[in-house]
Amino acid sequence: MSGIEIQSFDFIDRVEAVSHSDDVLRLFSQEMRGFGFTNFLITEMPPPGSDLAASIILNGWSPAWFDRYMEQGFYKHDPMAKRTRESARPFFWSEVKVDRPAARRVMHEATECGLHDGFSVPIFGSGSVRSCVTMGGERLDIPPRGRRALHLMSVYAHDRARALREPPASLADRAGPELLTSRERE
């Protein structure tokens with residue numbers, strides 16, 4: 001087993017043992033800093049027209065970026081959020097084509113806050129509930145097999161943070177029946 005694999009499994013053991021979401025935040029933040037990530041967010045993907053703030057599971061974004069992102073409503077134009085809704089595979093931000101002016105603005109302002117590149121992990125839950133772990137930084141240092149390690153650690157951090165969070169109303173309950181297909185409502 002390589003060093004990155006051992007590191008990943010050690011992280012999983014530590015995160016599974018914690019009993020408070022602040023500990024998940026601390027452990028994940030420490031681990032991600034080793035790859036050059038300075039910011040991260042673990043969130044459900046809110047239904048169209050819903051508020052992102054109510055969907056956040058764990059916030060490791062800098063206050064400056066979080067405030068700007070929320071005040072400017074960047075979620076509506078964020079090309080990484082769009083890609084997360086369209087893809088099941090993790091991706092580096094640099095792999096995403098940013099062609100719309102509003103999307104370019106989001107990425108330009110992210111860069112101003114030190115988020116030059118990042119990595120996002122779409123996560124599927126029960127039904128059509130989708131979540132995301134997204135992280136960014138100025139200078140990433142991703143070793144061979146690092147993409148897989150980031151994917152694995154993100155899934156476990158999401159799972160533990162979600163389990164420790166007070167059980168919210170299900171996404172289907174919050175979104176109403178329009179989230180379900182007619183067949184699912186049957």
**OP:** Without swapping roles, check the side chain of Arg130 against the backbone of Arg85 for a donor-acceptor pair under 3.5 Å.
**Re:**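 Side chain of Arg130 to backbone of Arg85, a donor-acceptor pair under 3.5 Å: yes, one is there.
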Original post:
Under 3.5 Å, side chain of Ser50 to main-chain N/O of Pro46, donor-acceptor pair present?
Top reply: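 Between the backbone of Pro46 and the side chain of Ser50 there is no qualifying donor-acceptor contact (under 3.5 Å).
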Results of side-chain hydrogen bond (donor to acceptor under 3.5 Å, both in side chains) for [X] - residues two or more places apart only:
X	answer
Lys82	Glu86
Asp78	Tyr69
Ser29	Arg33
Ser94	Asp117

Exercise: identify the closest heavy-atom pair between [X] and [Y]:
X	Y	answer
Arg160	Ser19	NH2-CA, 4.2 Å
Thr134	Ser120	OG1-OG, 2.7 Å
Ala54	Arg165	O-NH2, 4.0 Å
Phe124	Ser87	CZ-O, 4.3 Å
Val96	Pro79	CG1-O, 4.1 Å

Could you pull out all residues at least two apart from [X] that satisfy side-chain contact (heavy atoms from CB on, under 4.5 Å)?
X	answer
Arg68	Trp65, Gln72, Phe74, Glu109, Glu112, Cys113
Pro122	Thr84, Phe91
Ala53	Asp51, Met70
Asp23	Val18, His20, Arg26

N/O donor to acceptor pairs below 3.5 angstrom from side-chain atoms of residues 140-158, sequence neighbours left out:
residue : atom : partner : partner atom : Å
Arg145  : NH1  : Glu5    : OE2          : 2.8
Arg147  : NH1  : Glu95   : OE2          : 2.9
Arg147  : NH2  : Pro90   : O            : 3.1
Arg147  : NH2  : Glu95   : OE1          : 3.0
Arg147  : NH2  : Glu95   : OE2          : 3.3
Ser154  : OG   : Leu150  : O            : 2.7
His158  : NE2  : Ser131  : OG           : 3.2

Value rounded to 0.5 Å, distance of [atom1] in [X] from [atom2] in [Y]:
X	Y	atom1	atom2	result
Leu115	Met135	CG	CE	12.0 Å
Arg105	Met107	CZ	CE	13.5 Å
Cys132	Ile57	SG	CD1	10.0 Å
Ser21	Ile42	OG	CD1	10.0 Å

Subject >> Selection residues 92-120 - residue pairs positive for ring-ring contact (aromatic ring centres under 6.0 Å, His included), sequence neighbours left out >> reply: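 Output for this query lists Phe92-Phe119.
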Do the side chains of [Y] and [X] get nearer than 4.5 Å, heavy atoms only?
X	Y	value
Phe11	Asp13	no
Val133	Phe28	yes
Thr43	Leu58	no
Phe40	Leu25	yes

Original post:
Near Arg104 CZ, under 6.0 Å, is it more than 12 heavy atoms from other residues, nucleotides or ligands?
Top reply: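 Yes, CZ of Arg104 has more than 12 neighbouring heavy atoms, counting only those of other groups under 6.0 Å.
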**OP:** Give the intermediate values and the outcome of side-chain contact (heavy atoms from CB on, under 4.5 Å) for residues Leu27 and Glu31.
**Re:** CA-CA 6 Å; Leu27 288 172; Glu31 207 62 46; over 6 Å; no
Original post:
Would you call the rings of Phe66 and Trp61 parallel, tilted or perpendicular, where under 30° means parallel and over 60° means perpendicular?
Top reply: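 Aromatic pair Phe66/Trp61 classed tilted.
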**OP:** Kindly write out the residues that satisfy salt bridge (charged side-chain N to carboxylate O under 4.0 Å, His left out) with Asp10, not counting sequence neighbours, or none if the list is empty.
**Re:**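 Counting only residues at least two positions away or on another chain, Asp10 forms no salt bridge (charged side-chain N to carboxylate O under 4.0 Å, His left out).
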Subject >> Residue pairs passing the salt bridge (Lys or Arg N to Asp or Glu O under 4.0 Å) test where at least one lies in residues 52-66, sequence neighbours excluded >> reply: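 For residues 52-66, and leaving out neighbouring residues, there are no salt bridge (Lys or Arg N to Asp or Glu O under 4.0 Å) pairs at all.
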